[in-house]
Structure formats: structure tokens, C-alpha cells
Amino acid sequence: MISFRPLILIIGTSIALLPLLSNWRVQAQNQSQNIELKVYSENEQKQSCPDKVIVTEKSHPYQEGSFATDGSINLSAYASNISVQASNSFSVTWVGTLKPRYAKCFASAGMTNIDGQAYSEHLNYLRMHFVKGKVYFILDLAGGSDPNNYPLVVLNNSFKNGNPAWTWGGSD
């Protein structure tokens, strides 16, 4: 005689765990990522430039047909009078006047780590320039494409508490 009790127990446990596993997946999608931009300085005195700058990005919950990611940077830690210098569908450049501590910084910065893991993708879409008393923070999606081979686009650029904020995305 075949006993169905173990099979029923396995199926029942699986059904009970399914909502928990789905919830973990949603929570994982909704967690923000810390993206480290390493600053490469030309200055003799490296202390006039930050070593790194942290950007935060968070994916939107899945929506059929598209995806989007919100981002922000605390640029006011390094600069004042922050504004949008230029923007189009694929790129935004914010500019600010460097604070006295960083005013002599001559450097560039690019993506090196995401949540402590080395960034090795081909598209270095977050960059910075520190030049002549100004800092330029650049979100540049040019050359990036979504799974349908459409270009990635900037959906929104704005300010949050005086700092650059954005949303970019594409189709899936």
C-alpha cells in the first residue's frame, strides 16, 4: 500500500512557503543599491578631493512591459548651487560649485563597486568631473539598451532635498 502522507506533507509545506518566497523576491527587488564612484585625482595633495562618492539606486517593483530605476546622490556634501546644466532623453548633467574644502580638486570619477561587488559592466553610466571649482555629475545612458534593443532613457530628472534625483528605464 502506498502512503500519500509524505507527499501531502511536502505539497502542503510548499504551498505554505510560496507566499513567503514570493515576498522575499519582492523585498529583494525593492532594496536600494549603493554604487561607489571612485575618484581619480590629478592633485598632488589628494585631500582636496573625496576618495569616493556614493550614489543610491532602487529598482521599481516589476511592471509588465517596462522597468525603471530611481537614483539619487548627496551632491550637496561636496557642492552648493546645484542645477541641471544639460539634459536630453539619454543623459542629464548636474553642476554645482565645489565647497571650499574641495574647490581645488581636479579629478574624474566612475563606477567601481555596487554593494561592495566590483562593477564590470560595459556601461559606466554614472560619472563625475571635478574641474575649476565645479563638480559635474553625469547620468549618461548613451550606448545602453534594454532587452528589446531599445535605448535606455531618462524618464525623470529632478531634485530631492536640493540634491540630484532621477529615474531611468526601458522596456522588457
(message) Distance check, rounded to the nearest 0.5 Å: Y78 atom OH versus L98 atom CG?
(response) 11.0 Å
(message) In terms of relative ring orientation, are W166 and F137 parallel, tilted or perpendicular, with 30° and 60° separating the classes?
(response) tilted
(request) Measure across P147 and S171 and return the closest heavy-atom pair with its distance rounded to 0.1 Å. (result) CD-O, 3.2 Å
(message) For a quick test of reading the model, state the closest non-hydrogen atom pair linking P164 to L75 and the distance between them.
(response) CD-CB, 3.8 Å
(message) Ignoring hydrogens, what is the shortest heavy-atom contact between W94 and S158? Give both atom names and the distance.
(response) NE1-O, 3.7 Å
(request) Classify the side-chain pair K58/T69 by whether it contains a donor and acceptor separated by less than 3.5 Å. (result) no
(request) Mark yes or no for whether T93, through its side chain, and A86, through its backbone, hold a donor-acceptor pair below 3.5 Å. (result) no
(request) State which residues pass side chain to side chain donor-acceptor pair (under 3.5 Å) with D172; sequence neighbours excluded, sorted by chain then number. (result) Y62
(message) Show the nearest heavy-atom pair for residues I114 and Q33, with the distance to one decimal.
(response) CG2-OE1, 3.0 Å
(message) Does any part of the side chain of L139, heavy atoms only, come nearer than 4.5 Å to the side chain of Y125, both counted from C-beta?
(response) yes
(message) Is there a path of hydrophobic side-chain contacts, each under 4.5 Å between heavy atoms, that joins V84 and V135?
(response) yes
(message) Going by side chain to side chain donor-acceptor pair (under 3.5 Å), name the residues that satisfy it together with R127, two or more places apart in sequence or in a different chain.
(response) D140
(message) Would you compute the distance between atom NZ of K134 and atom OG1 of T97 and round it to the nearest 0.5 angstrom?
(response) 3.5 Å
